[in-house]
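Please read the structure below before turning to the comments.
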Amino acid sequence: MTETGPSRTEEFHAPPLRRLRYFHGQMLGARDFQREQEYYREKSRLRMRCLLGYGVVCGLHVEPVPRDEDDCPPDDPAEESARPEQTAEEGGTEPERTRRRAKVRITPGLAVDCEGNEVVVRGGCEIDLWKALPPHERDTDTVWIGVEYAERPVEPTRAVYNDACADTSDCEFGWTEECWTVRVTGCEPPVDERCDTCCEPCEHTVLWLARIDCVDWYEPVRRNHIHMNVRRPFGRHLPTVITGINWIHGHTYTIDEAKNLLGTLDEDGGLVVRFSADVRSDTLRPGVVELQVIEGGSGRNASTWYMGGTFADPDLESEECDEFTQEFRYRQTTRETLQDGDRVLITVRAAFLLDRCCRPVDGTHVGGRVPLIRTGSTLSAEHGGDDCCDLPPSGIGPWTSGTGAGGDVFESWFFVKER
């Protein structure tokens, strides 16, 4: 039967699914059983990538190897390298020889690549970044590390009957072990920009786990140089989330600080919200962001009023405005005065903000823990919250908005005092 009807893709990228049909007196060979295995493996991969998606399921954290674990002598003296020697004229003393200590450890875990293959890392491993990095990419101090699905034949055995095309009964491997391999690169990996990971073909099979900055090949890797927010969490789609704001949630500002933050007196001021990916500029419309002031006091004495504002620079009404943006600035346009004890409530209706794939931004402000954007104009103030829950449930920081459901409302506030 021929399928008809409109389709957004020219072809569904999957091999023909042909199942072995048994009948009495049938002659079966190794090729038939291999094709039957491939049938069930392809069905499993198809369900995995189309119904569930791909990415890191659990574990696979990248951790530094401390110096005290790296002080044992090298197995091969040829691996020991020397820093450039300094002469007495250059201010050096004796030539100092040292070996490269830039190593990291990948913890055990589970992931699924974009083809639906399960990558199971059972015992973890220690990686020498210099050895794993391709020689032509070693002129960098920033590297990316990931894992990729692989297979290898194991358990060789001798065939009972000779192959019709073989002269001798050579050994054949009896099993195929599903394993994985480490990939390290000094070039920034491409981003998967597909809106639908089900029907479109997969081009990048490496699951990138971390970016490591400021690598010194002769010193251990520091924990604060490992950034694991480059990894893709397991799922059909990678939601766009809010990654930073330029005010401290729940903090108390002076009246003058609040005016600078809101851009009341300074056109360069305003509330800044930053996203993890591109957001359509034409969805930043009036009503998406709302500023509400709850006056100080208690009971019926406290009143509420709305503060006028607009999206600032670039001009979203202009035809020359870029189609996408990764942050916006919202500035107060009216001259209402804040007073001691007021609370400014900031609401961003994330369900009305659409990304490149026309999906809503996942905007739930979980625990009020979206981090502060630190810029030159950021007010110097410390977070007034507690020290618990430094990392989200995944263990990979920093915090962002979102629960995986998409949309919702991003809410935040700060308080105002006289001085």
Side-chain angles (χ1 to χ4, degrees), residues 53-57 60-62 111 114 142 144 146 188-197 204 206-213 224 226-249 271-284 288-289 311 314 316 322-330 346-375 378 389-412:
Y54 79 99
V56 179
V57 180
L60 299 182
H61 296 172
V62 178
C114 60
T142 301
W144 285 260
E188 184 174 1
V191 179
D192 189 351
E193 297 182 346
R194 297 178 299 167
C195 291
D196 192 342
T197 61
H204 315 292
V206 179
L207 293 161
W208 298 105
L209 304 178
R211 186 189 75 246
I212 307 174
D213 297 333
N224 62 335
I226 301 177
H227 306 280
M228 289 186 285
N229 55 344
V230 303
R231 58 203 273 137
R232 178 191 175 97
F234 182 70
R236 275 285 305 274
H237 311 293
L238 189 61
T240 300
V241 296
I242 296 174
T243 59
I245 53 180
N246 71 334
W247 69 93
I248 300 176
H249 172 76
L271 302 174
V272 177
V273 176
R274 184 171 295 168
F275 303 97
S276 61
D278 289 341
V279 171
R280 298 186 62 90
S281 299
D282 57 4
T283 61
L284 298 174
V288 171
V289 179
F311 293 101
L316 299 175
D322 292 336
E323 185 178 1
F324 302 100
T325 181
Q326 289 194 359
E327 71 174 35
F328 69 77
R329 184 182 300 272
Y330 192 82
I346 304 158
T347 302
V348 181
R349 295 181 173 86
F352 295 87
L353 299 176
L354 305 181
D355 62 12
R356 282 183 174 270
C357 299
C358 297
R359 295 191 179 96
V361 172
D362 197 352
T364 307
H365 197 183
V366 182
R369 295 186 176 275
V370 169
L372 173 70
I373 299 175
R374 297 193 178 276
T375 61
T378 300
C389 297
D390 292 333
L391 296 175
S394 64
I396 306 301
W399 280 83
T400 66
S401 69
T403 61
D408 210 343
V409 176
F410 180 89
E411 291 184 314
S412 182

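Just so we're clear, the structure is a prediction, and the values are computed from it rather than from any experiment.
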Applying side-chain hydrogen bond (donor to acceptor under 3.5 Å, both in side chains), name anything that partners [X], two or more places apart in sequence or on another chain.
X	answer
H365	none
H237	R359
R211	D213

Please tabulate, for side-chain N and O atoms in residues 400-408, each donor-acceptor pair with protein atoms closer than 3.5 Å (sequence neighbours left out).
unit_1 : atom_1 : unit_2 : atom_2 : d
S401   : OG     : I242   : N      : 2.8
S401   : OG     : D362   : O      : 2.7
D408   : OD2    : T364   : OG1    : 2.8

Where is the tightest heavy-atom contact between [X] and [Y], given as atom of each residue plus distance?
X	Y	value
A350	G363	CB-CA, 3.6 Å
W144	W208	O-CZ3, 3.7 Å
V56	A111	CA-CB, 3.9 Å
V288	L353	CG1-CD2, 3.6 Å
T243	V370	C-CG1, 3.8 Å

Enter the distance from [X]:[atom1] to [Y]:[atom2] here, rounded to the nearest 0.5 Å.
X	Y	atom1	atom2	result
D355	F275	CG	CZ	10.5 Å
L238	S276	CG	OG	6.5 Å
H227	L209	NE2	CG	15.0 Å

Any chance you could lay out the side-chain contact (heavy atoms from CB on, under 4.5 Å) test for R194 and C357, step after step, and finish with the verdict? CA-CA 8 Å; R194 297 178 299 167; C357 299; over 6 Å; no

Just do the side-chain contact (heavy atoms from CB on, under 4.5 Å) check on D278 and T240 with the steps written out, would you? CA-CA 8 Å; D278 289 341; T240 300; over 6 Å; no

Are any of the side-chain heavy atoms of [X] and [Y] separated by less than 4.5 Å?
X	Y	value
I346	W247	yes
F328	L271	no
T347	V409	yes
H204	C114	no
V289	L284	no

Report, as yes or no, whether the 6.0 Å neighbourhood of atom CZ on F234 holds more than 12 heavy atoms from other residues, nucleotides or ligands.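 Yes - once you tally the heavy atoms of other residues, nucleotides and ligands closer than 6.0 Å, there are more than 12.
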
Taking [X] for its side chain and [Y] for its backbone only, find out whether a donor-acceptor pair lies under 3.5 Å.
X	Y	value
W399	C389	yes
N246	V272	yes
R280	E323	no

Are R356 and F324 in a cation-pi contact, defined as NZ or CZ under 6.0 Å from the six-membered ring centre and within 45° of the axis?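 Because its charged atom sits under 6.0 Å from the ring centre and within 45° of the axis, R356 does stack over F324.
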
Quick one: is the NZ or CZ of R349 closer than 6.0 Å to the six-membered ring centre of F410, and within 45° of its axis?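 Negative - R349 is either too far from the ring of F410 or too far off its axis.
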
According to side chain to side chain contact (heavy atoms under 4.5 Å, CB included), who are the partners of H61, at least two apart in sequence or on a separate chain?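 Partners of H61 under the side chain to side chain contact (heavy atoms under 4.5 Å, CB included) test: T107, M228, R231, I396.
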
side-chain contact (heavy atoms from CB on, under 4.5 Å) between R232 and Y54, intermediate numbers included: CA-CA 8 Å; R232 178 191 175 97; Y54 79 99; 3.5 Å; yes

How would you list all residue pairs meeting salt bridge (charged side-chain N to carboxylate O under 4.0 Å, His left out) that involve residues 239-248, not counting sequence neighbours?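 Pairs touching residues 239-248 that pass the test: none.
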
Show your working on side-chain contact (heavy atoms from CB on, under 4.5 Å) between V279 and L354 and close with a plain yes or no. CA-CA 6 Å; V279 171; L354 305 181; over 6 Å; no

